[in-house]
Amino acid sequence: MDDKYILFYDSGVGGLSTLSQTLDEVFGQKFIFFADDKNCPYGNKSKDEIYRLVKGNILHILDMFDIKIIVLACNTATACAVDKLRREINVPIVGIEPAIVPAMKKSRSSHILVLATCVTLSQEKYFKLSKSLSGKIESVKMPNLAVKIENHFIKDKRLNIKHEISQIWQILKDCPDIDSIVLGCTHYSFIKEKLSAFNIQIVDGNIGVAKRVKSLLNLSGENVLENKTQNKVKILLSSEDVYTLKRYTRLLLRISKNVIIE
Ligand code: DGL
């Protein structure tokens, strides 16, 4: 195992769903999971503010740790900051984007629904991506969903997403040929089961990220398949709150097997 870390970055718990998928794909790696929980949610902030927060936090982490890959496990941060950060930081950066390309490939009707934060769906990056595809895309901004999910896991609040579910029902009623829902925010991967009631394909970008990380490791000569030792994860929070850290740790251990918490 080399001493360099792979950094996973999100505003909150959402990125743990992305990290968990990557932990299933690689072995013997050291990870840092950083959540900017002090500033969560990102989804209703301005592009400039998100870029400033993400850059500041990442530079701080780069000062303290040797990082070999940065993963923006946050669609909102990717939409607002990845292009600039790739020009400014000399470490490979993997971003996550709403998985509309794989969803469209699998869709029979070529009509899909994307759920994401207000910021993600308002960015040029998203417009370009959606315009590059043939097929129809409905997009729905979910201003409160990420924070409801965050509060559910961290503050034990009941997860009441009736409003969001009825919004989705309405769209599916209006457009009955929609056959895929794309989860364009990593927090939403935690409600996949609830959305399975719609009985249509639910797609997120986590597997795409895991494969990209694996291929970057392979390219750098690491044999991630032969090495069968467990992955290690260090969790850092911008709040530095000890209780919150326990909740994050507990959640990661619940959803991942191939991991030791440092
Ligand atoms: N998990 C994030 C995303 O993928 C951010 C949610 C938020 O902070 O609003 O977009």
Side-chain angles (χ1 to χ4, degrees), residues 7-22 33-58 70-83 85 93-100 102-103 113-126 129-130 139-155 157 159 161 163-164 181-192 195 202-210 212-213 235-239 244 247-248 251-252 255:
L7 167 65
F8 271 64
Y9 184 105
D10 189 20
S11 61
V13 292
L16 289 178
S17 72
T18 319
L19 173 60
S20 165
Q21 183 91 56
T22 303
F33 179 81
F34 177 86
D36 189 7
D37 61 326
K38 211 165 66 176
N39 295 300
C40 183
Y42 277 2
N44 306 329
K45 292 184 168 44
S46 72
K47 181 180 181 179
D48 284 352
E49 188 179 2
I50 294 164
Y51 163 71
R52 192 181 52 74
L53 289 169
V54 177
K55 185 175 175 186
N57 287 322
I58 288 182
I70 298 169
V71 177
L72 294 182
C74 173
N75 292 261
T76 312
T78 303
C80 296
V82 76
D83 294 335
L85 293 178
I93 305 182
V94 178
I96 187 164
E97 286 189 285
I100 57 180
L113 168 63
V114 181
L115 312 177
T117 66
C118 302
V119 179
T120 299
L121 293 179
S122 312
Q123 297 311 307
E124 191 59 32
K125 209 170 175 48
Y126 178 71
L129 181 66
S130 48
S139 328
V140 183
K141 293 176 179 163
M142 298 267 149
N144 302 314
L145 186 54
V147 83
K148 284 184 184 180
I149 294 167
E150 186 79 16
N151 287 342
H152 173 64
F153 286 113
I154 304 308
K155 297 186 180 152
K157 292 230 173 103
L159 187 59
I161 55 168
H163 173 69
E164 288 79 2
I181 299 179
V182 175
L183 305 179
C185 166
T186 53
H187 278 72
Y188 306 169
S189 297
F190 285 110
I191 57 162
K192 258 188 187 169
L195 299 180
I202 312 286
V203 185
D204 67 26
N206 287 343
I207 188 71
V209 168
R212 181 74 191 126
V213 170
I235 301 178
L236 303 176
L237 304 177
S238 60
S239 71
T244 310
R247 304 308 297 247
Y248 272 71
L251 178 57
L252 182 61
I255 60 175

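No experiment lies behind these values; they were computed from the predicted model shown. Note that ligands are numbered from 1 as they come in the structure, with each ligand's atoms numbered from 1 the same way.
Ranking protein heavy atoms by distance to atom 7 (C) of ligand 1, first place goes to Tyr42 N, 3.3 Å. Among protein heavy atoms, the minimum distance from atom 9 (O) of ligand 1 is reached at Gly43 N, 2.8 Å.
Residue-ligand proximity, Pro41 to ligand 1, at heavy-atom distances under 4.0 Å covers atoms 7 (C), 8 (O), 9 (O). In the vicinity of Ala146, heavy-atom distances shorter than 4.0 Å reach the ligand 1 atoms 6 (C), 7 (C), 9 (O). Listed by number with element, the atoms of ligand 1 under 4.0 angstrom from any heavy atom of Thr76 are 3 (C), 5 (C), 10 (O). Distances below 4.0 Å separate heavy atoms of Ser11 from the following atoms of ligand 1: 5 (C), 6 (C), 7 (C), 8 (O). The atoms of ligand 1 that sit less than 4.0 Å from any heavy atom of Asp10 are 1 (N), 2 (C), 5 (C). The ligand atoms of ligand 1 that sit less than 4.0 angstrom from a heavy atom of Cys185 are 1 (N), 2 (C), 3 (C), 4 (O), 6 (C), 10 (O).
Considering Ile50, Leu53, Val54 as possible partners of Cys80, the one that fulfils the side-chain contact (heavy atoms from CB on, under 4.5 Å) test is Ile50.
Atom CG of Leu129 is separated from atom CD1 of Ile100 by 3.5 Å, given to the nearest 0.5 angstrom. For the atom pair Glu164 CD and Leu159 CG, the distance stands at 8.5 Å (nearest 0.5 Å). Taking OG of Ser17 as the reference point, atom CG of Asp204 lies at 6.0 Å (rounded to 0.5 Å).
In this structure, a donor-acceptor pair under 3.5 Å is absent between the side chains of Asp36 and Ser11.
Two residues are said to be in side-chain contact when any heavy atoms from C-beta on lie closer than 4.5 Å; Tyr248 and Asp37 meet this criterion.
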Could you walk me through whether Thr117 and Thr76 pass the side chain to side chain donor-acceptor pair (under 3.5 Å) test, one step at a time? CA-CA 7 Å; Thr117 66; Thr76 312; 3.0 Å; yes

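Taking only nitrogen or oxygen atoms, main chain and side chain alike, Thr117 does not reach within less than 3.5 Å of ligand 1.
Ligand 1 does not have Gly12 within reach: every non-hydrogen atom of the residue lies 4.0 Å or more from it.
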